[in-house]
Amino acid sequence: MAGSTLASASASPAAERRHIGPWQEAWRRFRKHRLAVISGVVLLALILAVVIGPLVWAVPIDEIDFTARLQGPSWEHPLGTDDLGQDLLARILYGGRISLAVGFAAMAVAIFVGVLVGAVAGMAGGKVDVALMWLTDLFLSLPQLPLLLLIIYLFRDTLTGLVGLELGVFILIVAVIGGFRWMPVARLVRAQFLSLREKEFVEAARALGASRGRLVLRHILPNALGPVIVAASIDVAAAILAESTLSFLGLGFPPDVPTWGRLLFDAKDNLDFAPHWALFPGMAIFLTVLSINYIGDGLRDALDPRRIISA
């Protein structure tokens, strides 16, 4: 009896290791990427700041005070003021909500379209696959920034007339940025589907009578999500940069909506005597994009079973 007790006790760690799921293993591997963990903390702090910050720092973003114009950081205005005396901390916190919302919404559009196109191409094969990949190559060959500027210039007034200025610009920017970011996701998903649909567990499910929809949703797509998650993290950073570029060029949100890109656009003529005006929104963009990129690196290492991570 004593021997059996010792044997069961010694076997318990191995049993615990056998019951670790794939997502628990991915989290364990992700935690070993120190830069990714630190970046996750930084990104979480930025998200909490832009969500909760305006409730704590309840200064109106459009309060004009010409006596405090272009002041540097102080106790009254921790990040300084702009040329109208408006508090930059309040405007950066408010604009961060819009910039991050654009990034995540555009990422969702790109991932949805990319997964749909890639899954259909990978499962259908034949002429459907050729046509969809031709369409993907066509979009990849288009010059993105000139087309972004042209589409927004042509359709902004029409859409804002239908749903309002801010919502119309938001929908247009999200749709345009997401519509030009789905192609790499489609290629990744197609490659994963072409590989996974020939695996033994898929063949076994097909032999048991599983429908094509069940094969996709229950067996193939969950196993293809690793590269998609990594691509999603990259798309968020790219969408934030694209929105900032559009706002900096004056074709993003209207002047009274202080996105991070719009703040940089407003500050460009005052860099000599008010550098803080551009420094802080530029730092917010830099930290957000850098942290998302490092999180993407950590996810790539965590979700790739072929990559060896030292303990």
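- In this structure, Tyr294 and Leu299 have side chains that are not in contact, with every pair of non-hydrogen atoms separated by 4.5 Å or more.
- In terms of modelled atom types and a separation under 3.5 Å, the side chain of Arg190 and the main chain of Gly122 share no donor-acceptor contact.
- Follow the hydrophobic side-chain contacts under 4.5 Å out from Leu46 and you never reach Leu44; the two are in separate clusters.
- The hydrophobic clustering, which links ILVMFWY residues whose side-chain heavy atoms are closer than 4.5 Å, places Val257 and Ile177 together.
- At a threshold of 4.5 Å between side-chain heavy atoms, the hydrophobic network of Ile, Leu, Val, Met, Phe, Trp and Tyr places Ile171 and Leu150 in one connected group.
- Residues Pro73 and Leu79 have side chains not in contact (no heavy-atom distance under 4.5 Å, counting atoms from C-beta outward).
- Nearest heavy-atom pair, Ala110 versus Asp235, reported as atom, atom and distance to 0.1 Å: CB-OD2, 3.9 Å.
- Summarising the local packing, NZ of Lys268 is surrounded by more than 12 heavy atoms from other residues, nucleotides or ligands at distances under 6.0 Å.
- Taking both residues in full, the closest heavy atoms of Trp260 and Ser99 are given as N-OG, 3.4 Å, listed atom of the first, atom of the second, then distance.
- Here the closest non-hydrogen pair linking Ala49 and Leu93 is O-CD2, 3.5 Å.
- Annotation: side chain of Leu167 is not in contact with side chain of Val169 (no heavy-atom distance under 4.5 Å).
- Under the 4.5 Å side-chain heavy-atom criterion for Ile, Leu, Val, Met, Phe, Trp and Tyr, Leu43 and Val51 are members of the same hydrophobic cluster.
- Side-chain atoms of Ser291 come within 3.5 Å of backbone atoms of Leu287 as a donor-acceptor pair (strictly under, hydrogens ignored).
- Among the candidates Thr136, Ile111, Leu116, the single residue satisfying the side chain to side chain contact (heavy atoms under 4.5 Å, CB included) test with Trp182 is Thr136.
- In this structure, the side chains of Asp87 and Pro78 come closer than 4.5 Å at one or more pairs of heavy atoms.
- In this structure, CG in Leu188 is found 12.5 Å from CE in Met183, a value given to the nearest 0.5 Å.
- Note that CG of Asp83 and CD1 of Ile64 are 9.5 Å apart. Values are rounded to the nearest 0.5 Å.
- With hydrogens and angles disregarded, a donor-acceptor distance shorter than 3.5 Å links the side chain of His276 to the backbone of Gln71.
- Interatomic distance, Leu154 CG to Leu172 CG, rounded to the nearest 0.5 Å: 10.0 Å.
- Salt bridge annotation for Arg91-Asp82: present, with a cationic side-chain nitrogen under 4.0 angstrom from a carboxylate oxygen.
- Nearest heavy atoms, His77 versus Ala68: NE2-CB, 4.3 Å.
- Taking every heavy atom of both residues into account, Val189 and Gly118 meet most closely at CG1-C, 3.7 Å.
- Transitive grouping of hydrophobic side chains (ILVMFWY, heavy atoms separated by less than 4.5 Å) brings Leu142 and Ile151 into a common cluster.
- The closest donor-acceptor contact from the side chain of Ser141 to the backbone of Leu138 lies under 3.5 Å.
- One finds the CG atom of Leu290 at 8.5 Å from the CG atom of Leu35 (value rounded to the nearest 0.5 Å).
- Using a 4.5 Å cut-off on side-chain heavy atoms (C-beta onward), Ile240 and Leu100 make contact.
- In this structure the side chain of Val59 never reaches within 4.5 angstrom of the side chain of Leu89, judged on heavy atoms.
- In this model, no donor atom of one side chain and acceptor atom of the other lie less than 3.5 Å apart for Gln86 and Thr81.
- We find the CG-CG distance between Leu132 and Asp137 to be 11.0 Å, quoted to the nearest 0.5 Å.
- Distance alone, capped at 3.5 Å, places no donor-acceptor pair between the Arg31 side chain and the Val37 backbone.
- Contact detail for Ala267 and Trp277: the closest heavy-atom pair is CB-CG, 3.5 Å.
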For side-chain contact (heavy atoms from CB on, under 4.5 Å), just list the numbers for Ile98 and Glu243, CA-CA rounded to whole Å, side-chain angles, deciding distance to a tenth of an Å, and then say yes or no. CA-CA 10 Å; Ile98 301 174; Glu243 184 279 323; 5.5 Å; no
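- Side-chain contact between Phe170 and Val174: present, with at least one pair of heavy atoms (C-beta onward) separated by less than 4.5 Å.
- Under the 4.5 Å side-chain criterion, counting only non-hydrogen atoms from C-beta, Ile292 is not in contact with Ser39.
- Ion pairing between a basic and an acidic side chain is recognised when a charged N comes within 4.0 Å of a carboxylate O; Arg69 and Asp65 show no such pairing.
- Atom CG of residue Asp297 and atom OG of residue Ser233 lie 8.0 Å apart, to the nearest 0.5 angstrom.
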